[in-house]
Chemist: 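One structure coming up, written as structure tokens, with questions to follow.
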Protein chains: 2
Amino acid sequence: MANLKQLAQSLGLSITTVSRALDGYSDVSAATRERVREAADKAGYRPNASARRLRRQRAELVAVTLPSDPGHIGPPHFLDMLSGCAEHLAGAGLNLVIAPVPRGESELEICRRFVDGRRVDAMLLVRTKRHDERVEFLQSRGIPFVTNGRTESPVPHPYIDGDGFAGFHAATQRFRTAGHRRIGHIAGPQEYYFAHVRRMGWQSAMDEAGLEADLCAEGAPTEQGGYLAALELLRQPSRPTALVCATDEMAMGALRALREIDGGNQISIVGHDDLPMGAYTSPSLSTMRMTGENLGTNFASLLLRAIAGEPAEELQELHAIEFVDRDSHRRPPAAA
Amino acid sequence: MANLKQLAQSLGLSITTVSRALDGYSDVSAATRERVREAADKAGYRPNASARRLRRQRAELVAVTLPSDPGHIGPPHFLDMLSGCAEHLAGAGLNLVIAPVPRGESELEICRRFVDGRRVDAMLLVRTKRHDERVEFLQSRGIPFVTNGRTESPVPHPYIDGDGFAGFHAATQRFRTAGHRRIGHIAGPQEYYFAHVRRMGWQSAMDEAGLEADLCAEGAPTEQGGYLAALELLRQPSRPTALVCATDEMAMGALRALREIDGGNQISIVGHDDLPMGAYTSPSLSTMRMTGENLGTNFASLLLRAIAGEPAEELQELHAIEFVDRDSHRRPPAAA
DNA sequence: CTTGACTCCCAAAACGTTTTGGATGATCCT
DNA sequence: AGGATCATCCAAAACGTTTTGGGAGTCAAG
């Protein structure tokens, strides 16, 4: 309610002393420290955030950019992630601001606005591209950041990601072991790292099995994108008997396509992300998910360490992918 | 990159003139204005946000508190809402910070921290209670805010809400018209306004139909809460033949209870919120949703008007509820 | 009595803006 | 010529902190 000056005046002390008393410095006597603290409490004093920020040259803020394209908004538990992340950051005196990207503006411009206007001390990036200009920009500015998802940047940066390659490799092998030979892949836009690496996982498993990796269709990372991509694969002369889909949303679109197609209920399918609604589709959607608890907290602590100056190499977390065993992947391999 | 002083020095002008040139004041000649603008562009100058905030005595920030209890995180499209809201606010130079509530701290304390530390110019509140201490606090401080959901506060405040009373009244009537007589209600915690008003809607429709409104069970606003509440109702000597549920999550819990109970597939059900996954349950979940597009944008513009000083009475939006016609409400009324 | 160490306090600078209240000439009117 | 008006510019204050670099005073040791 009041400011430091008024508080100091009412106590007959200097601004300096009051400030230092509240910050717990040892060069103010225990007695006055107590006296100051009491008065501050009673007055409901809170330091003015803007003033402190100006003086300390820190924004006490971290921004996370939210891509506005539908289907690009990241993992399903994104809000939980944000919430956990914000909570952890708050413990370190940082607040999380969300930076949506308006139509017509690029994510890069948003980063620029936040960073060059010194509005933030650090940034969080989601849905990284293989070649990500936001990453390059932040690196050029030397501002700490952590990405959710890797990139192909030549200079290392902190990230947290799931091992999509291994996950999709294993899922493809699982189908192969079950007897499938025509295993298709519904891929996301290949400029995204996650989409690319998932496709590589599928492809590598196909190669190792000596199977041709020709049943691949790419689409937008949405229900509709998955639907269209699935239709494309189902029009092929020799249909797939199993589909490995880049995301659950795409998998749900693929399920819709399968329902519309004769014999579609004979085709196995698996997605990725473990969207809650996957448990309710029919058949319920088998899927994969990143292991490790509370992505948000993890994300936040990586960021805090990055701010503290730890080198990027020590701030890279690659988590295993676990299979979520439901019904949609158990169709007979011979049919279709 | 640079600051005003350096910019001024390099141009041989005063700080004042540079500042005013950039802000487009008319007391600097068109020629110098242009010259300054070019130099600023080339230097990539952005005013330091903290300094501006301190001087202008505005935080340029708005906070929204996120309750951390599971199932309390508000509407399903909450993230979309936040995103739309943040985007709209950004147009007015305001950024949106999310303020999660850590365990052991109350939402009120969070509000206090943000408001008294002058970290924000305004606040957004979600999941209001009938008697909401956050609302009282913000009113006492005179800081602008908008709630998502009404309260019973004696002094009016800006809000945006769906007409839950009418929605649940209509849904109950719909069951009555279809021949149901034993229509139950699965209620959310009654301290929440939305939960209370939805219950009142059901009750009033029952009263009008001359039916006894005794089949009501209250639970946490989660899947599990709905499950438990449904079991409670199904244990009654005379079971309900239809259930009106406070939220979709609770309705999905109720569906689970029905699956476990003999004859449960004969009981009609309807939820509220239009969660995306409701389309995939079996039976697909009939539900309700608030009309009006982009809640977030709406929310933001109400807030901007509140900041501009419009009286609260003109900033209250009550939106109609529309029925989402799927399968779960079409079970025969006679069974069970 | 001096010296040094120690405790407790403070004045002033600095952070980078925005805004107030002129100052300086030039131009125009009478 | 004298005054008024206008177009440009600027010095300095202010916003509320944190931090630097001491300044008194006390006390114990030399």
Side-chain angles (χ1 to χ4, degrees), chain A residues 1-37 39-40 43-61 93-95 113-121, chain B residues 1-37 39-40 43-61 93-95 113-121:
Chain A
M1 225 49 201
N3 63 19
L4 222 39
K5 186 145 104 179
Q6 293 162 4
L7 200 55
Q9 224 146 28
S10 81
L11 282 165
L13 289 169
S14 74
I15 292 183
T16 308
T17 302
V18 176
S19 172
R20 312 210 93 204
L22 292 174
D23 279 0
Y25 280 77
S26 65
D27 66 355
V28 8
S29 75
T32 37
R33 184 159 51 221
E34 207 37 54
R35 197 161 64 95
V36 169
R37 285 219 168 117
Y45 169 79
R46 312 267 172 148
N48 180 301
S50 304
R52 195 227 309 263
R53 287 166 177 164
L54 174 60
R55 173 62 227 225
R56 304 269 283 285
Q57 295 289 79
R58 300 213 210 99
E60 296 179 358
L61 249 34
L94 292 171
N95 286 119
R113 190 195 331 289
F114 274 90
V115 170
D116 287 345
R118 278 172 220 70
R119 303 170 110 76
V120 295
D121 298 321
Chain B
M1 225 50 202
N3 62 21
L4 221 40
K5 185 145 105 181
Q6 293 162 4
L7 201 56
Q9 222 146 28
S10 81
L11 283 164
L13 288 170
S14 75
I15 293 183
T16 309
T17 303
V18 176
S19 172
R20 312 211 91 204
L22 292 174
D23 278 2
Y25 280 78
S26 66
D27 67 354
V28 9
S29 75
T32 37
R33 186 160 48 221
E34 207 37 54
R35 198 160 64 94
V36 169
R37 287 220 168 117
Y45 169 79
R46 312 265 172 148
N48 179 301
S50 304
R52 196 227 308 265
R53 287 166 177 166
L54 174 59
R55 173 62 227 223
R56 306 266 287 279
Q57 294 290 77
R58 300 213 210 100
E60 297 178 358
L61 250 33
L94 292 172
N95 286 119
R113 188 192 335 288
F114 274 91
V115 170
D116 287 345
R118 279 170 218 71
R119 304 170 109 78
V120 295
D121 298 321

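Convention: sequence-line order gives letters A, B, ...; per-chain numbering from 1.
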Chemist: At 4.0 Å (heavy atoms only), tell me whether L13(A) reaches a base, stays on the sugar-phosphate, or touches nothing.
Modeler: sugar-phosphate
Chemist: Under a 3.5 Å distance rule, please check whether R37(B) uses its side chain to pair with a backbone N or O of R35(B) as donor and acceptor.
Modeler: no
Chemist: Give one of base, sugar-phosphate or nothing for S29(A), where a contact means two heavy atoms less than 4.0 Å apart.
Modeler: sugar-phosphate
Chemist: Would you kindly compare L54(B) and T17(B) by the position of their nearest DNA chain D nucleotide and give the one closer to the 5′ end?
Modeler: T17(B)
Chemist: Here's a test of your reading of the structure: between V28(B) and Q57(B), which maps to the more 5' nucleotide of DNA chain D?
Modeler: V28(B)
Chemist: Compare all side-chain heavy atoms of V28(B) with those of V36(B) and state whether any distance is below 4.5 angstrom.
Modeler: no
Chemist: Roughly how far, to the nearest 0.5 Å, is the OG atom of S19(A) from the CG atom of L7(A)?
Modeler: 10.5 Å
Chemist: Are Y45(B) and V18(B) close enough that some pair of their side-chain heavy atoms sits under 4.5 Å apart?
Modeler: no
Chemist: Please tell me if S14(A) has a side-chain N or O lying less than 4.0 Å from either OP1 or OP2 of dC10(C).
Modeler: yes
Chemist: Mind checking the CZ-CZ spacing from R46(B) to R118(A)? Nearest 0.5 Å is all I need.
Modeler: 10.5 Å
Chemist: Taking any atom closer than 4.0 angstrom to a non-hydrogen atom of chain A, what span of DNA chain D does the protein reach, first nucleotide to last?
Modeler: dG16(D) to dT20(D)
Chemist: What's the spacing between L11(B) CG and T17(B) OG1 if we round to 0.5 Å?
Modeler: 10.0 Å
Chemist: List the atom pairs, with distances to 0.1 Å, where a side-chain N or O of residues 47-55 of chain A and a protein N or O form a donor-acceptor pair under 3.5 Å, not counting sequence neighbours.
Modeler:
unit_1, atom_1, unit_2, atom_2, d
N48(A), OD1, S50(A), N, 2.9
N48(A), OD1, A51(A), N, 3.0
R52(A), NE, E60(A), OE2, 2.9
R53(A), NE, A59(A), O, 3.0

Chemist: So do the side chains of D23(A) and R20(A) get within less than 4.5 Å of each other, counting heavy atoms only?
Modeler: no
Chemist: Is there any protein nitrogen or oxygen under 3.5 Å from a nitrogen or oxygen in nucleotides 23-26 of chain C, and what are the pairs?
Modeler:
none

Chemist: Please give, in whole Å, the distance from dG22(C) P to D27(B) CG?
Modeler: 15 Å
Chemist: Report which part of the nucleic acid T32(A) touches: base, sugar-phosphate, or nothing (heavy-atom distance under 4.0 Å, all strands).
Modeler: sugar-phosphate
